[in-house]
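All ligand and atom numbering here is 1-based and tracks the order in the structure.
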Amino acid sequence: MKHFSRVVSLLLIFTLTELSVFCDSFPVTPQSVPPLMYGCAWYPEQWPESDWEADLTKMQAAGLNMVRIGEFAWSSLEPNENHYELDWMERAITAASKHGMVTIIGTPTDTPPAWMTTKYPEILRVTEDGTRLEHGSRRHFSIGSEKYRALCKKIVGKLAVRFGKNPNVVAWQIGNEYTEDSFDLESRARFHRWLERKYGSLEELNKNWGTAYWSQTYTKWNEIPMTTGRANPGLLLEYKRFVTDTWRDFQRDQIEVLRKQADPRQITTTNLGGLGWANRFNRQLIAADLDIISWDEYLGAGWFDKTKNGTGHLDPTRSGASHDLVRGWKQKNFWVMEMAPGYVDWGSVSNALDPGETRAMAWHAVGHGADGIGFWQWRSALNGQEQYHGSIVGPDGEPLPIYEEIAKTGAEFAIAGPVLNGTQPVSEVALLHDYDSRWAIEFNPFSQRYDQMQILIEYYRALSEATQSIDIITPEMDLKRYKLIIAPSLNVISTALAEKLTEYVLSGGHLVLGPRSGMKNEFNALNRWRQPGPLAITLGGRVEQYYALIEDLSVNGPWGSGKATIWAERLQPLGSDTEVMLRYGSGKSWLSEMPAAIRRRHGEGSITYLGAVLDDDLMGRIVFGWVKEAGISSPFIQVPQGIKVCRRTGNGNDLFIILNFSHCTEKITLPSSMVNVLTGSEVMSITLPRYDVVILKRSIKIN
Ligand code: GAL
């Protein structure tokens, strides 16, 4: 009896302790992602636990409703092999939840710990010149290493078991900003196996890569080099696809482990860096395997002008295009997982954004379809490589001057979140951004003046004058939803893609191909037909020859007159129903009086080939015409230069997020009265100082 009562009391103590742990860490309601998520990267492992409460209190006061934790914390989660310390993470999640914040866990696979890289040096990344990396930074692992993959699956499995049902964990971020591929022997062998799977035989590979050229013919798979130098164009393109597949596998490994344990409520994402445009691998395919895609928006200039990396101010056109690109990978809303609260620490000049600019940047992202914004980072780390980076509170944990602006935005997000919930930008026009084509041109640009990203942005800029929402998509996506599709440099067109585009045109779509389109097939080999290769028949015309320009040429025709610059192709209509829309002016060049743009109608649809890069003014007028002809509605709210109007539609409402990026205060008269979402009042006009924002709502009548 005595023994029995001891057992009962022990059980009771055990149950109560368990219960208290349970009650402490598991609130009853499983949380879901807030309608407009607003958070920051928080590194609880870097701070004494006694600091957490003060940090979280300030986060809550700033309106933050999410923390992302863990993505670099492997050495704190598994300090020694098979020795796990996950309790601190659970306490951090619980503590955050008590301040109204949900958690996104970053899997820590970007930073393998020192015990691991010492014990298993084969997991370290090897650069193309053969250098094996040392410990001490991040991204020092090889994505091709089986051992590393297994170690990743193990830690992710542990985390999934522990937190997969945690009601406060709403999402998993896999790794952090996938970046570098590895040139170790294991990765090379993986590349060879990948090629073998794809081609089946070396004969097939040799044929499609044209390896008779320069005696490149391969007789064994392991003879094939793995390089990014000036190699065979077929090899270079396949290497990019291989890298994409390797990252995809790396990511899938983790998704599988997570999905076995995690609540379906917990969604998966990854945060892609490089200002969205980086192209080490095909980002649309990476996004395809995730529930939602995220990207990290740092100061806008960098990707387009490397000398300005991280320096400058928000360029709404480039930033807007980047958001639209990211949204296009899944044709749905996305998150900006990281945004600097003011400045970075890696710019050529790491200048601060102006007062109000960070708020504008956050709202601008939302306008383009972001349903969540995270700041990097909450508090300056005392040591480590990023001591100077922008944060919301300083190393002392006290607010920095930006704190107030972050809090103001947080208060606004709380009001607007429920109204924006379920809305998204809806575009009738898409620009095609194709990784294969982009790589193919990059391998040999032919003219350094042909900056394909700049050219794409110029199309985007012209389009955004004519219509207020643009998607940037890859050709793999659903094309049928657009009235107009513009492909500025669609260099690689496979037969399958040609069929898809032809079907689009025949079913009433308007397709515009820009210079360099349809030159190559999917093996990056030149087509046997002149450009646009398999689309020449649909076009009823072809490119006779292409020319890289040093000097501008005049052009004129039914579309107007102006200048051809950088690139010019001499076109030839092949059918009587192919119209010439622009001609080069007369002179002594190969292009004299030759067609520069041709168009062929197919019922309601049309296909246009524009063979030259045009000056901004003419481009603007032509794009305006394309938009009109495709029956795309003109912007509902007319605004002066410098004002950006973003539109999100859903639940029977149109939401307009209007931002002033000009230098002066602007007054805008609205076409009808609308509700100012933040104040609740009906307005007929708005007055916006620089960097200010207004969110307007109008109901759409459904017939
Ligand atoms: C990102 C990265 C963050 C942080 C940030 C600094 O690329 O994901 O961890 O390093 O840059 O700007």
Sub-4.0 Å heavy-atom contact, Arg138 with ligand 1: yes
More than 12 heavy atoms from other groups under 6.0 Å of NZ on Lys158: no
Atoms of ligand 1, numbered as shown, that sit under 4.0 Å from any heavy atom of Glu386: 4 (C), 5 (C), 6 (C), 10 (O)
Parallel, tilted or perpendicular: ring planes of Tyr43 versus Phe72, cut at 30 and 60 degrees: parallel
Enumerated ligand 1 atoms positioned under 4.0 Å from heavy atoms of Trp346: 6 (C), 12 (O)
Closest protein heavy atom to atom 7 (O) of ligand 1, given as residue, atom name and distance to 0.1 Å: Glu177 OE1, 2.4 Å
Geometric class of the Tyr239/Phe242 ring pair [parallel <30°, tilted 30-60°, perpendicular >60°]: tilted
Close-contact set for ligand 1 against Asn176 heavy atoms, below 4.0 Å: 2 (C), 8 (O), 9 (O)
Residue and atom name of the nearest protein heavy atom (relative to atom 6 (C) of ligand 1), distance in Å to one decimal: His389 NE2, 3.1 Å
Plane angle bin for Tyr178 and Phe250 - parallel if under 30°, tilted between 30 and 60°, otherwise perpendicular: perpendicular
Atom indices of ligand 1, in the order listed, that fall short of 4.0 Å to a heavy atom of Asp296: 8 (O)
Proximal ligand 1 atoms for Tyr298, defined as those under 4.0 Å from one of its heavy atoms: 1 (C), 5 (C), 6 (C), 11 (O), 12 (O)
Heavy-atom nearest neighbour in the protein, as seen from atom 2 (C) of ligand 1, with distance rounded to 0.1 Å: Glu338 OE1, 3.2 Å
Contacting atoms of ligand 1, where contact means under 4.0 angstrom from a heavy atom of Phe72: 9 (O)
Distance in Å, Leu36 CG paired with Trp363 CH2, rounded so as to fall on 0.5 Å steps: 6.0 Å
Over 12 foreign heavy atoms within 6.0 Å of CD, Glu404: no
Over 12 foreign heavy atoms within 6.0 Å of CD, Glu49: yes
